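Worksheet: the structure to be examined is printed underneath.
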Amino acid sequence: MDLAHLRNVGIFAHIDAGKTTLTERILLATGRERRAGRVDDGTTVMDWMPEERERGITITAAATRVPWGGCELNLIDTPGHVDFSFEVDRALRALDGAVLVLDAVAGVQAQTETVWRQLARAAVPAIVFVNKCDRPGSDALVAAATLATRLGVVPVPIAYPWHDADGALVGVFDLVARRGYTFAPDGAATEHAVPADASDEVDVLRAELIDALASRDEALLNIVGAGREPAPRELLDALRRGTLAREFVPVLVGAAQRGVGVQQVLDAVVSCLPSPLDVPLLRAHVENEMERPDGLHLANRGSLVLGDDGCVSVPPPRMDAPFVAAAFKVQSSRHGDLVFVRVLSGRVTPGMELYNPRVARREHVSEVLRLHADATVALESAAAGDIVALAGLAETGTGDTLVTLAEGALGFAGVLEPLRALEPVVSLFMEPADDAERARLGPALARLMREDPSFAAREDPGSGQWTAHGMGELHLEVTLERLTREFGVTPRVGRPHVALREVLVGAAEGSGVVERAFGGQGGHAEVTVHVRPQAGVPGAVSVAFGAAARVPEAHRSAVAAALAAEAASGPRFGLPFGGVHIEVVAGAGRADAQVEGAWVQAALAALRMALRAAAGPAAPLVEVHEPFADVIVETPEAFSSGVIGDLQARRAVLGEVESALGIRRIRARAPLVELFGYTTALRSLSQGRAVSTVVPIGYGPVPEGGLEARGLFGA
Ligand code: GDP
């Protein structure tokens, strides 16, 4: 198919704004188009199992294909809980454009803002649908204006609600075409001329639209400057250019529940949002030349041209380019586990052998499938730009890169950036009830980890106890619910706790001397190391050898490995440690006593001395850090002082507080441990009316005197 006619889009919303309703209505509207005589590109149509036929399943499918206006749309499932930022990143892997749904009374809300930041970071063009324009007190223009005040983006309304004399919603006005539309209960649209009583208002809004576009678009400015009335096509072209350049967001209006304005949203997806040809090529890290566990050589690595960022571009979305795909979701189905991929370049066919560099494993594609609203279709192939489900893959997980493998060489020797791998910050213990459950727990957890890279679970071989690690209390709660619902495993679980760590904040030095026999041979070594904080990846340890470190080349990797292992846990409490740069600044050994063991032991003694010095009371250079989170709360004014008082009791530092439309928005930053149970507490503080989002943002020091409260004594 022509890629210019493909749209990969995701719908995002604050909870309850109407994402599910809009999606249902889109399936209804486009299903009508499908029944009206379009042919599928597939070969076999398979029936869904009865439960799969339910709408609910289609809506939560990772990707559903619908036709509209001469284009094909892949609707990408987006998270209900935007607090799980990895879920948003996952969807961003697949989509090119976004539809943001707002509530016409509330405007931009807490989760809209959280998700918008991620869309903006990924430079995704978006259109906005102001939903629920049938609600009393709704004002589409005021809601649209919150895009400017709260997100700093320019809203450009291209539609306006059509209300009757009593204020009831009748339909929508299309400001580009200067036409009105009403909708039958099933969403079928009827076109009308703009009635006389709305004519002035529509003309004013249309003139504002033309102004807004002409001030940003030279082609349109020339038309308007020449005194000519722009044709709708010319307005749409300017709208598309500005949307793709992310200069503004076109704003549509309606009421999804009654099908009002839904077709206009679909039209705008087609006319304003990017095709796979409109987006920049993804960047990939190059696989290094190190000996790989699978013994593959990367024959074609030399042909790759590295950019300033040390990365390469993924090949362009063309059929004749090497195959590269990004896996963005693993979903169970009756075809087994389906891996949803965005094909970035080349094509994939059933029977193809793929290669997953992360797990260093070949993967066999048994089927290439497309999910429609009412059917699954087996395809003969899927090409660049498209989104399909692959059956048969055994180990590929969310965030993985898939490439081809021919004659021992990778078709493309790059790997996409893993999904923003924030470190898990909350953990809890799990204990299977009996051996039968123990046998099922491991595989179930492995399956969940494949799907969600921000979730991890590990078994302590000694105690048989499992620890689950995640991004927050809610994340673990939801994941454990799935364990019960989907895998029938209900282990006993402990209370969640936050992951603490020790952090080096200053430099120190230590030295060690070893003189003794190693396996009968006399060994002697003297080593001095210097430790200092290392910015960047938390938890990482790097080791370097200075010019004066006369550690023999042959023993350096053993010395470096021993130092890195020693620095993995902190000197004060044995907590995870890292962010440390260790430099071996001096080293000497008697020429007749060069034994690896002596070098390793001397280096370890030097490191321990350096860390003891750093951690000592004279120089408190090792701090204990805990995870922090940003909180946004939206509460009716009446409850705001209670909410603020409660946040302060949770050691939160308050940020900006603003009020609009009777709602107070409170921003704060607080230690994550203090936010356990926050959702419940907020509900009772506000009679269920306030909402919040909590986003982990990194680590900060545990305050003076706070260590005992976290069970850390002495040291
Ligand atoms: P989601 O949480 O964003 O998926 O929101 P839903 O689609 O589940 O909708 C949340 C609530 O808003 C439901 O009770 C819907 O019936 C209601 N709703 C959705 N669209 C409209 C609309 O156009 N008008 C009104 N008044 N209510 C709507």
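Everything quoted here is computed from the prediction, not taken from an experiment. Both ligands and their constituent atoms are indexed starting at 1 by order of listing.
The number of heavy atoms from other shown groups lying within 6.0 Å of CD (E637) is above 12.
Salt-bridge annotation for D103 and R135: present, with a side-chain N of the basic residue lying under 4.0 Å from a carboxylate O of the acidic one.
Checked by atom type, the side-chain pair Q264/Y181 shows no donor-acceptor distance below 3.5 Å. Residues T182 and H192 bring a donor and an acceptor atom of their side chains to less than 3.5 Å of each other.
Remark: side-chain polar atoms of K132 are not paired, donor with acceptor, to backbone N or O of A106 under 3.5 angstrom. Judged by distance alone, with hydrogens and angles left aside, the side-chain atoms of R664 form no donor-acceptor pair with the main-chain N or O of S640 at under 3.5 Å.
For ligand 1, the protein residues within 4.0 angstrom (heavy atoms only) are H14, I15, D16, A17, G18, K19, T20, T21, N131, K132, D134, R135, A255, A256, Q257.
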